[in-house]
Amino acid sequence: MSKTNPADRLYSKDHEWVKDNGDGTAVVGITDYAQEMLTDIVFVELPPIGKKVAQGEPVAVVESVKSVSDVYAPVSGEVIKVNGELETAPDLINSDAFGEGWIATLKLADTDELKSLLSASDYDTLIKEEKH
Amino acid sequence: MDYCPHTKDDIAQMQAAIGVKSIEELFADIPQKFRFRKMPDIPSGLSEQETIALMSAIAARNQMPRLTLTGAGAYVHFIPSVVSHLVGRSEFYTAYTPYQAEISQGILQAIYEYQTMIAHLTGTEIANASMYDGASAMAEAAVLSAKMSNRSKIVAARSVHPQYRQVLKTYCWANGYTVTEVPCATSGQLDLAGLHSALDESVAAVIVQSPNFFGCLEDITPIADAAHAKGALLISGFTDGTSLGILKPAGACGADFVVGEGQSFGNPINYGGPYLGIFAAREKFLRRIPGRLAGATVDKNGKRGFVLTLQTREQHIRREKATSNICSNEALCALAACIYLAALGPNLKTLAALNINKTQYLKSRLLQIPGWEEVFSAPIYNEFTICCTDARVVNEKLQAEGIIGAYDLQKDYPELKNTLLFCATEMLSKNDIDHVIEIIK
Amino acid sequence: MELIFEISKPGRSAANLSASDVPVVDVDHIIDRKYLRDDLDLPEVAEIDLVRHYTNLSRRNFGLDLGFYPLGSCTMKYNPKINENVAAMPGFTGLHPDAPDAFAKGNLELMYDMQKLLSGIFGMADFTLQPAAGAHGELTGVMMIKKYFEKKGQKRHLILIPDAAHGTNPASGALCGFETVTLRSNTEGGVDLGHLELLMTEDVAALMLTNPNTLGLFERNIEKVAQIIHSRGGLLYGDGANANAFLGKTRPGDLGFDVIQLNLHKTFSTPHGGGGPGSGPVGVSAGLVDYLPVPRIVKSDSGYGWSEQFPDTIGRVRAFYGNFNVIVKAYAYIRSLGAEGLARVTEMAVLNANYIKEKLKPYFDLPYDRICMHECVFSGHRQVEQNGVHTSDMAKRLIDFGYHPPTIYFPLIVHEAIMIEPTETESKETLDAFCEAMISIAREAEVNPQRVKDAPLSTPVSRLDEVLAARKPDVCWKR
């Protein structure tokens with residue numbers, strides 16, 4: 001059973017979440033639904049600090065035993081912080097995708113982009129449809 | 001020969017179960033115009049006896065040499081008797097790649113042992129389960145270096161094996177990288193000034209070989225320092241693994257990748273293949289290196305076992321994002337190497353010393369012949385470069401006596417006329433060497 | 001079982017080296033200290049312990065000589081012992097590759113004849129025997145395609161690859177600087193012709209096609225596919241991994257393929273060796289012969305010899321000539337079977353695969369219910385839906401019945417894929433017993449799913465923790 005998708009953030013259709021800090025920065029991660037599909041995560045390739053990404057471009061890579069998946073930036077920005085804990089404990093994404101499994105913090109390039117993302121309830125609908 | 005067990009009855013029953021009246025119906029999807037009944041120009045089959053007679057006759061058309069004085073990337077070494085017996089266990093040689101770990105613990109553990117010994121011998125922390133051969137291992141290390149750094153220039157010493165440099169050029173051309181060569185100094189070692197002038201921030205990797213193609217040992221540390229100062233990686237290669245029994249490995253001198261040919265470890269000379277590509281690296285490259293890796297883990301009862309690990313680097317998962325497309329490797333050759341190394345143990349150093357003794361003896365006797373001069377001054381292992389008055393005549397005399405002579409360097413290095421590359425392994429006896437001298441002088 | 005390092009004891013030795021019969025050199029006098037190593041930590045074991053160690057390891061390994069190995073796409077056919085014996089002849093194992101051509105007459109003749117035989121079997125103009133494995137051959141083939149367009153002055157940067165393709169295909173394309181574009185399969189499992197028409201532009205260098213494809217299905221529209229590619233100046237590359245399906249029935253060259261790579265360790269019976277060595281010869285049509293790797297064997301009045309005088313070659317993909325000893329085994333196989341024998345291989349391989357398909361289709365979902373070729377692909381979908389039993393569980397349970405599992409989770413376009421390739425060397429009894437095992441596992445998945453999920457139950461180790469191995473990699477033993 002997936003955890004509830006928190007209402008305090010927005011979602012992309014590629015199963016990333018973004019939480020606006022309100023100060024021009026936002027935290028990015030993948031959803032609980034995504035980690036369930038990937039199964040046990042064994043490695044996370046974090047982006048270098050300073051990397052600039054456009055919305056929809058790969059910002060990180062997540063590996064399970066049997067697959068490799070790109071994490072796409074839900075918004076454009078510059079990487080200002082990464083979750084170093086994931087280097088030794090990639091399973092944090094499995095156990096707490098919305099909390100301790102956060103991946104990176106971006107300095108937002110264009111806050112308008114947030115408008116193109118899904119609300120928690122819209123994302124709920126999306127996953128329900130995908131499961132069928 | 002026919003290995004199909006099917007009787008007429010079997011075929012009839014199976015056809016009935018499938019619902020076809022003839023075998024031909026099973027090939028209905030192949031358009032008629034492209035079907036044919038017999039392959040043109042393929043001879044008819046043979047019985048077991050006839051096959052053996054045919055193959056024996058072909059083998060007999062080869063001339064087996066009394067001795068071989070060439071190394072140059074492939075070496076005649078003694079193979080302990082145990083190797084063929086153990087590698088000949090059909091549980092090993094008829095097995096597939098160990099993707100189903102629970103029934104492949106044998107080969108997986110052996111590969112883990114092999115990886116461990118290779119990492120130690122090369123002075124690095126990790127080694128993969130094998131590549132095709134030394135040349136392609138070197139080329140793949142170059143491609144990986146370029147991909148990781150986003151730089152597109154490779155600098156290679158001209159004293160790297162000519163065929164290895166050809167393979168490097170082919171792989172680099174395919175990927176859009178360029179190769180610049182640096183000559184050697186009069187000592188026979190890499191010209192450091194030349195290296196410095198070739199190095200800049202567009203160089204992904206520097207490639208050297210030690211002992212190099214001329215037999216000379218390279219001083220790796222200053223080369224590593226020069227490369228690293230410009231943000232480039234150092235790839236160091238070798239062609240005779242037995243040298244690692246006595247020589248300091250490049251991994252202990254700053255090399256990032258150590259690649260080479262493992263044929264000397266228990267694999268027959270086999271007219272060029274199958275050989276064994278050795279690929280070893282610093283720990284930090286673990287998740288980027290090509291090839292398979294056997295890793296230790298536990299089962300659900302906590303018992304130690306082995307699996308192919310970090311498969312996400314490989315082609316079957318990463319597909320077009322993989323840094324290599326390698327799938328099948330040289331597993332059985334690696335198993336032979338593992339058994340060889342376990343059989344010799346620390347006596348690998350004694351073996352290497354034997355190689356040195358034989359080589360020094362051959363060299364000193366050749367230098368006694370008027371007109372013969374050593375070309376380079378750098379220290380050597382079991383190969384050396386020497387010039388004489390007429391290299392062609394020397395080899396002709398040797399061949400007439402059923403001996404494969406030395407490697408004529410002029411074809412790869414036009415400036416080295418009448419210059420030969422000799423190799424003496426533990427397989428040459430004193431009598432053999434004395435005999436060679438008698439023929440040559 | 002202990003590692004060789006764990007049974008090592010200082011002072012033990014399995015080496016029996018000769019003493020030096022030439023003057024012993026003091027190494028320190030001729031080689032400076034800085035070039036010498038100061039540690040050599042290798043195992044010290046007596047010969048009997050060495051032999052026991054690796055013999056016992058072999059007994060923890062499942063080889064084809066032990067049991068059925070229905071791995072789809074791998075063609076695990078019987079490895080004839082005669083081939084092992086002939087390849088071990090000193091005449092074949094003992095020659096240095098730089099031996100003068102006059103010493104290597106037999107070897108040169110064998111390789112030249114092999115090239116000719118393969119050309120005849122597959123309908124190509126010539127072959128190279130240089131690549132060491134199928135993937136290596138693919139890379140070589142794609143390099144030749146790249147060279148072809150370079151010589152024509154055309155900048156084509158795309159390669160089309162079907163969604164069912166083996167991972168080496170896109171990897172090989174990428175390694176030659178090509179961008180891969182995925183081509184959809186149609187509902188029958190063949191190439192979606194409409195999609196192909198759309199994708200095939202003058203930016204596309206080639207289509208890499210496996211025929212029959214990874215679903216074991218022959219491309220019915222192959223003539224149209226080839227025509228579409230060639231009409232826009234592209235080349236058709238064939239992944240010949242599935243050659244066991246068409247020997248003596250048709251030839252890739254006749255179907256319009258310009259380049260194909262083979263796997264001698266699949267179709268031509270050479271042993272897999274636990275992962276290699278294999279051999280991946282590449283055949284080309286007349287228009288690509290100039291680009292073959294060097295050196296190539298040339299025939300003259302004085303006999304056969306190696307030559308590098310081919311200015312348009314792509315160069316070299318490895319040192320020396322190829323996995324020669326593997327080629328010897330495959331050559332003996334081809335000569336011993338002959339034309340009729342090779343055709344019979346394909347007939348019995350396809351018969352066996354269709355037989356299994358019919359027997360298992362009531363119990364497992366069959367995504368493409370049509371005549372298959374040398375392999376068939378099922379889906380474990382039904383069992384997942386029923387009780388959450390996955391293909392991987394059923395594969396592990398098969399081990400308890402004494403079988404190596406089939407290929408699983410490939411091709412990617414089939415959910416919970418199970419790919420079964422029996423090959424021609426298996427008897428009806430073996431196939432029947434295998435099907436019985438599969439059927440009883442399907443039943444177990446229904447009535448006692450946990451048993452399947454706990455499998456394997458009978459192996460020296462139970463299911464191994466691959467997650468741990470990937471999270472905390474340990475690829476080198478430390479004291």
Side-chain angles (χ1 to χ4, degrees), chain B residues 1 4-5 10 14 29 34 39 41-42 44-45 51 55 58-59 61-63 86 89-91 94-95 97 102-103 105-107 116 132 135 163 166 170 174 248 268 270-274 295-297 299 305 309 315-316 319-320 322 325 327-332 343-345 347 361 379 430, chain C residues 14-15 20-22 31 37 42 44 54 57-58 60-65 86 89 91 93 97 103 105-106 120 132-133 135 167 170-172 174 176 218 250 271 273-278 315-316 319-321 323-325 336 338-339 341 348 355 425 427-428 459 461-462 464 469 474 476-477:
Chain B
M1 303 287 293
C4 302
D10 290 334
M14 291 168 79
D29 280 343
F34 299 125
M39 275 178 288
D41 304 327
I42 310 302
S44 285
T51 305
M55 299 303 289
I58 295 174
R61 286 200 271 284
N62 289 330
Q63 182 184 345
L86 294 167
R89 297 278 304 183
S90 73
E91 297 93 330
T94 67
T97 306
E102 294 81 9
I103 47 176
Q105 287 301 290
I107 190 69
T116 300
Y132 308 128
Q163 292 186 33
Q166 274 183 296
T170 298
K248 190 176 222 150
N270 273 332
Y271 200 54
T297 183
D299 73 358
T309 191
Q315 47 74 29
H316 57 291
R319 298 175 71 91
E320 69 274 357
N325 73 345
C327 187
S328 289
N329 52 18
E330 305 287 314
L332 206 68
L344 256 72
N347 285 296
Y361 181 67
K430 179 175 181 297
Chain C
S20 184
D21 58 356
V22 295
I31 300 179
R37 71 184 305 147
L42 288 173
E44 295 177 83
Y54 291 102
L57 280 181
S58 77
R60 292 171 149 228
N61 224 50
F62 189 92
L64 177 61
D65 277 5
V86 302
M89 290 180 184
T93 61
F103 279 66
K105 287 192 174 127
S172 306
C176 292
F218 192 87
T250 189
R316 272 184 177 279
F320 309 121
Y321 315 119
N323 278 359
F324 178 71
N325 202 262
S336 61
M348 295 300 107
Y355 182 68
T425 56
S427 69
K428 183 171 170 299
T459 44
V461 292
S462 62
L464 289 159
D474 171 0
C476 181
W477 183 77

Discussion item. Any side-chain to backbone donor/acceptor pair from T94(B) onto D65(C)? Under 3.5 Å, distance only.
Written reply: yes
Worksheet item: chain C: which of A174(B), G345(B), A59(B) shares the most heavy-atom pairs with it under 4.5 Å?
Response: A174(B)
Discussion item. Between L344(B), L332(B), I107(B), who has the most heavy-atom pairs with chain C when the cutoff is under 4.5 Å?
Written reply: L332(B)
Worksheet item: At their closest point, which heavy atom of Q163(B) faces which heavy atom of F320(C), and how far apart are they?
Response: OE1-N, 2.6 Å
Response to the item:
Residue from E44(C), M348(C), K105(C) scoring the most non-hydrogen pairs under 4.5 Å with chain B is M348(C)
Fill in: Among P379(B), P274(B), S90(B), A135(B), residue most engaged with chain C (heavy-atom pairs, under 4.5 Å)
P274(B)
Worksheet item: Checking side-chain contact (heavy atoms from CB on, under 4.5 Å) for the pair Q105(B)/T459(C): CA distance, chi angles, key distance, verdict?
Response: CA-CA 10 Å; Q105(B) 287 301 290; T459(C) 44; over 6 Å; no
Practice prompt. Select, from G106(C), P271(C), G91(C), C176(C), the one with the greatest count of heavy-atom pairs under 4.5 Å involving chain B.
Written response: G106(C)
Practice prompt. Please test E330(B) against N323(C) for side-chain contact (heavy atoms from CB on, under 4.5 Å), starting from the C-alpha separation and ending with a verdict.
Written response: CA-CA 10 Å; E330(B) 305 287 314; N323(C) 278 359; 3.3 Å; yes
Worksheet entry | Most contacts with chain B, counted as non-hydrogen pairs under 4.5 angstrom, among S20(C), G341(C), G120(C), S58(C) | S58(C)
Worksheet item: Within the side chain of N61(C), is there an N or O that forms a donor-acceptor pair under 3.5 Å with the backbone of E91(B)?
Response: yes
Practice prompt. Count the heavy-atom pairs under 4.5 Å between each of A14(C), A133(C), P97(C), G63(C) and chain B, then report the option with the highest count.
Written response: P97(C)
Worksheet item: Angle class for the Y271(B)/Y321(C) ring planes (parallel below 30°, perpendicular above 60°, tilted otherwise)?
Response: tilted
Worksheet item: With a 4.5 angstrom heavy-atom cut-off, which part of V86(C) approaches chain B: side chain, backbone, both or neither?
Response: side chain
Item to complete: Identify the heavy atoms of V22(C) and K430(B) that sit nearest to each other, and give their distance.
Response: CG1-CB, 3.8 Å
Discussion item. Can you list everything that forms a ring pair (Phe, Tyr, Trp, His ring centres under 6.0 Å) with F62(C)? Sequence neighbours excluded, please.
Written reply: Y69(C)
Practice prompt. Against chain C, work out which of T170(B), T309(B), T97(B) has the most heavy-atom pairs shorter than 4.5 Å and name it.
Written response: T170(B)
Worksheet entry | L86(B), part contacting chain C, at a heavy-atom distance under 4.5 Å | side chain
Fill in: Short side-chain to backbone donor-acceptor contact, D299(B) and S462(C), under 3.5 Å
yes
Practice prompt. Identify which of F218(C), W477(C), F103(C) forms the greatest number of heavy-atom pairs closer than 4.5 Å to chain B.
Written response: F103(C)
Discussion item. Under 4.5 Å from any heavy atom of chain C, what part of Y361(B) do you find: side chain, backbone, both or neither?
Written reply: side chain
Worksheet item: Judged by modelled atom types alone, do Q166(B) and R316(C) share a side-chain donor-acceptor pair under 3.5 Å?
Response: yes
Worksheet item: Out of N347(B), D29(B), T51(B), which one racks up the most heavy-atom pairs below 4.5 Å with chain C?
Response: D29(B)
Worksheet item: Say you draw a straight line from CD1 of I58(B) to CE of M89(C); how long is it, rounded to the nearest 0.5 Å?
Response: 9.5 Å
Fill in: Set of ring pair (Phe, Tyr, Trp, His ring centres under 6.0 Å) partners for Y54(C), sequence neighbours left out
none
Worksheet entry | Taking every non-hydrogen atom, the tightest pair across S427(C) and P5(B) | N-CG, 3.6 Å
Discussion item. Would F324(C) and N270(B) count as a side-chain contact (heavy atoms from CB on, under 4.5 Å) here? Give the steps.
Written reply: CA-CA 7 Å; F324(C) 178 71; N270(B) 273 332; 5.5 Å; no
Worksheet entry | Among A319(C), S172(C), G278(C), G315(C), residue most engaged with chain B (heavy-atom pairs, under 4.5 Å) | A319(C)
